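First the structure, in the form of structure tokens, and then the observations on it.
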Amino acid sequence: MAKACRYFTTPIYYANGNPHAGHVYATILASVLKAHYQQRGEQVKFLTGLDEHGEAVQDKAKELGVSPQKLVDNMAQLWQDEFKKFGLNNDIFIRTTDKNHVKNVSDILTYCYKKGDIYFGEHEGYYCIKCEGFLNSNERDENNNCLVHKRPTELRKEKNYFFKTSKYKQSLRELISQGKITQQERYINELLSMLDSLEGDLSISRPKTRLTWGVELPFDKEHVAYVWFDALPNYVTGIGGLEESRTSPFWNNAYHILGKDILKFHGIFWPAMCLSLDIPLPKLLVTGWLLKDGHKMSKSLGNVVTVEQILHYGRDMFVNFVYRATNPGEDIDISWKSYFERYNSDLANGIGNLLSRTLTMIEKYFSKEIPKYYESKLLSEQNEIVEACKNAINIVTKAFDEFKLSDALNEISLLVSLADKHIAQQKPWEIAKIIDDNSKVQLANILATCVTVLKTVGYLAYSFYPEKMKELLESVGEINVPVSEHFNRASNCLNIKAGFICESIPKLFNRIDIQAELAILEPKSSNEKNKVKNSETKVIGKEKMKEEKVTQTNTQVTETIQIQDFSKVQMRVGTVISAECVEGSDKLLKLSVSLGELGERVIFSGIREWIKPEEVVNHKVIIVCNLAPRKMRFGTSEGMMLSTDTLDGKVNPVFLPEYLKEGAILS
């Protein structure tokens, strides 16, 4: 039986500028999709590249004092070098100056011309050099500025060749309405609106008197192809050319990833061209824009997330934020604070922490050897977790097929939460104190269940974080499994590598110090906050100075204690294993804290106003252990976590260094 085939493409990017965050988003998206479908045993091709012809490139080269060819050669090397840093798995990096592409464009032009779909005519309209096209009245403001690029257009009148888009208007309407161009409902409606406002046919050439940098028309040596009629056929070039597209199983399952700002060209003009060429229509996977703090990124606003910043914090942090935030198609609003919080929550305190906890307990209780399942002794909740792992495979595959990657990541995160909750409820450190066969079986099943979750998460999240998930899988014995067998292996949930010796505990994702990074990235914002705080302090200080002077001496006297009083307070090092908001309280967090050999304590802490649950998980903290248990309506608090005031007026736990031993006494 022949393998299923898929073909993913990104837009080909203009060669007159450097990569930015939007380019990275679309290109990694194609990379993730390719990896996922390879895991399901399909054959996948992935194309990206550069659009190297056109007026914008010609003008940029003139500005720099180099030839257009020299400019695009340099840019092609730069883009490929940058993409390599992100570990992309593209098969093709196409350049529209490639000889095979120039031939393909010529073949396509000839085919459409002979069919009668290209004619010579005159056109007058408002032209946007950034869009590389004439804009209709709905695409310009009252001053004829481009609505996308916020810049003036030029009124141009010239004789060009035109492609008969209007000939295919009714066919396009039916195809769009039936979801055969895109299945994303919001973009179906946008395309229908664009089709209604379509004015005339598509200008597809420029006279050489104005533009020489392009593919010469095979039927008129005095004209070159307009950039979109040169650029869009690159997708066909990628699978071998026009004739190959008629029989290629890859072209029959082609998916174009594109930003919504180029929807008209891909959703109207390109399908019309495909109809003219008598080749199957590809599907569109449309993405929204990346925003920064609610605004479209702009150098003038100073709110650009740079490629260098993305690389500094790593591909995994970027992937986790942009594909978890919302499903492709919606705009994504990036703030550095939420960017870091999401990483700490999902990766450092989520997947990474579960792996670390599980392998640490396997090392401690089973001498580093993964325990086997005792299936007849499985608890109902353990069977439910195994069943959740099986269901997750179906949910994730369905999410990918529907272009809903956020749903896939949410499902993966849910599995991690189930395992964390299971550990907190079963308290394996307590069971380990009981030396009998039944306890050993219970302990084995708890950790085997966690290994199943880790194995499932490793395979399902592999397409998002390939390097780290490979490390995770190998640490639990999943070694040398071909990518095409990943999902087959994952589906056999109870079949873990029992007996495998876990020689090391990888540190997958290092927790990030959010406040420290924000101080570097947003120093102006931090300074302004401090100015406000200092101003408030001065006002309050004047009002309270007298009161403070009066009470200072008394405070010193009443707070004096004897050494024997201090020795009564037993403070130990604890690690916060889990944290959650308490329903019905706007002040309390419920913490599970590990004290090493002393086991775990449940502590209620009134810090919810200042700190989120994910910001305290996995941190070492100071716990007062010998407080009498305090019964509350939410449960019993078995100690107290020490906190203190911060410079910005908040309250924060006192975090301790990682190297301190759990349960150690502070003295």
Side-chain angles (χ1 to χ4, degrees), residues 6-13 18-40 42-50 75-94 238 255 257 285 287 290 305-325 328 332 334 339 342-343 346-348 350-352 355 396 400 405 408-409 412 457-475 478-484 486-487 506-510 512:
R6 288 179 193 258
Y7 178 40
F8 293 106
T9 72
T10 71
I12 52 172
Y13 306 114
N18 294 356
H20 59 60
H23 301 138
V24 173
Y25 171 71
T27 314
I28 293 181
L29 178 54
S31 192
V32 170
L33 290 167
K34 177 186 174 181
H36 171 82
Y37 285 101
Q38 283 182 318
Q39 288 183 285
R40 287 162 63 173
E42 298 188 17
Q43 289 184 310
V44 189
K45 285 187 178 182
F46 160 26
L47 172 147
T48 189
L50 289 187
M75 295 305 293
Q77 189 60 56
L78 182 150
W79 279 72
Q80 289 181 83
D81 289 345
E82 289 294 285
F83 279 178
K84 282 178 183 176
K85 296 174 185 177
F86 288 97
L88 300 176
N89 54 12
N90 57 293
D91 306 282
I92 308 157
F93 188 92
I94 197 165
Y255 300 85
I257 296 166
L285 304 178
T287 69
L290 293 186
V305 175
T306 67
V307 172
E308 289 72 23
Q309 287 171 327
I310 295 170
L311 284 167
H312 175 73
Y313 292 109
R315 166 183 159 144
D316 292 336
M317 193 182 295
F318 180 76
V319 165
N320 182 67
F321 185 84
V322 295
Y323 305 126
R324 180 83 193 275
I332 300 167
I334 298 175
Y339 193 79
R342 176 66 71 186
Y343 167 81
D346 294 348
L347 299 185
I351 297 174
L355 178 67
V396 168
F400 268 84
L405 276 66
L409 281 173
I412 292 166
V457 166
Y459 285 126
L460 294 183
Y462 175 86
S463 59
F464 294 100
Y465 324 109
E467 293 301 320
K468 293 298 185 182
M469 292 306 98
K470 182 174 183 289
E471 197 175 346
L472 179 154
L473 290 165
E474 289 178 349
S475 73
E478 300 293 316
I479 298 171
N480 298 325
V481 179
V483 172
S484 60
H486 277 190
F487 277 42
K507 184 73 173 177
L508 290 184
F509 304 105
N510 292 314
I512 193 166

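All of these numbers come straight from a predicted model, not from anything done at the bench. Atom set for the values below is all heavy atoms of this structure, side chains included, hydrogens, waters and symmetry mates excluded.
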Under 3.5 Å donor-acceptor, [X] side chain and [Y] backbone:
X	Y	result
Gln80	Ala76	yes
Arg315	Phe86	yes
Glu471	Leu508	no

Just verifying a value: how many Å separate [X] [atom1] and [Y] [atom2], rounded to the nearest 0.5 Å?
X	Y	atom1	atom2	answer
Gln43	Gln38	CD	CD	9.5 Å
Ile512	Met317	CD1	CE	4.0 Å
Thr48	Asn90	OG1	CG	6.5 Å
Ile310	Lys85	CD1	NZ	12.5 Å
Leu355	Met469	CG	CE	8.5 Å
Ile92	Leu47	CD1	CG	5.0 Å

### Message
Checking Asn18 now: which residues fulfil side chain to side chain donor-acceptor pair (under 3.5 Å) with it, not counting sequence neighbours?
### Response
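Partners of Asn18 by the side chain to side chain donor-acceptor pair (under 3.5 Å) criterion come out as none, since no residue qualifies.
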Is the shortest side-chain heavy-atom distance between [X] and [Y] below 4.5 Å?
X	Y	result
His36	Val396	yes
Leu473	Val481	no
Leu33	Leu405	yes
Leu285	Pro328	no
Glu82	Leu311	yes
Val457	Ile351	yes

Can you sort out the partners of [X] under ring-ring contact (aromatic ring centres under 6.0 Å, His included), two or more places apart, ordered by chain and number?
X	answer
Tyr462	His486
Tyr25	Tyr323
Phe464	Phe400
Phe83	Trp79

State, to 0.1 Å, how close [X] and [Y] come at their nearest heavy-atom pair, and which atoms those are.
X	Y	value
Leu50	Phe93	CG-CZ, 3.8 Å
Ala21	Phe318	O-CZ, 4.0 Å
Tyr465	Val319	CE2-CG1, 3.9 Å
Tyr13	Ala26	OH-CB, 3.7 Å

Applying salt bridge (charged side-chain N to carboxylate O under 4.0 Å, His left out), can you list everything that pairs with [X], at least two apart in sequence or on another chain?
X	value
Lys34	Asp91
Glu474	Lys470
Arg40	Asp401

### Message
Ring-plane angle category for Tyr339 and Phe321, please: parallel below 30°, perpendicular beyond 60°, tilted otherwise.
### Response
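The rings of Tyr339 and Phe321 sit tilted, inter-plane angle from 30° to 60°.
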Side chain to side chain contact (heavy atoms under 4.5 Å, CB included) involving [X] - partner list, sequence neighbours excluded:
X	result
Glu467	none
Ser484	Pro482
Ala35	Asn89, Ser463
His20	His23

### Message
Between Asp346 and Arg324 (salt bridge meaning N to carboxylate O under 4.0 Å), is one present in this structure?
### Response
yes
### Among Tyr37, Phe8, Tyr7, ring pair (Phe, Tyr, Trp, His ring centres under 6.0 Å) partner for Tyr255
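Option passing the ring pair (Phe, Tyr, Trp, His ring centres under 6.0 Å) with Tyr255: Phe8.
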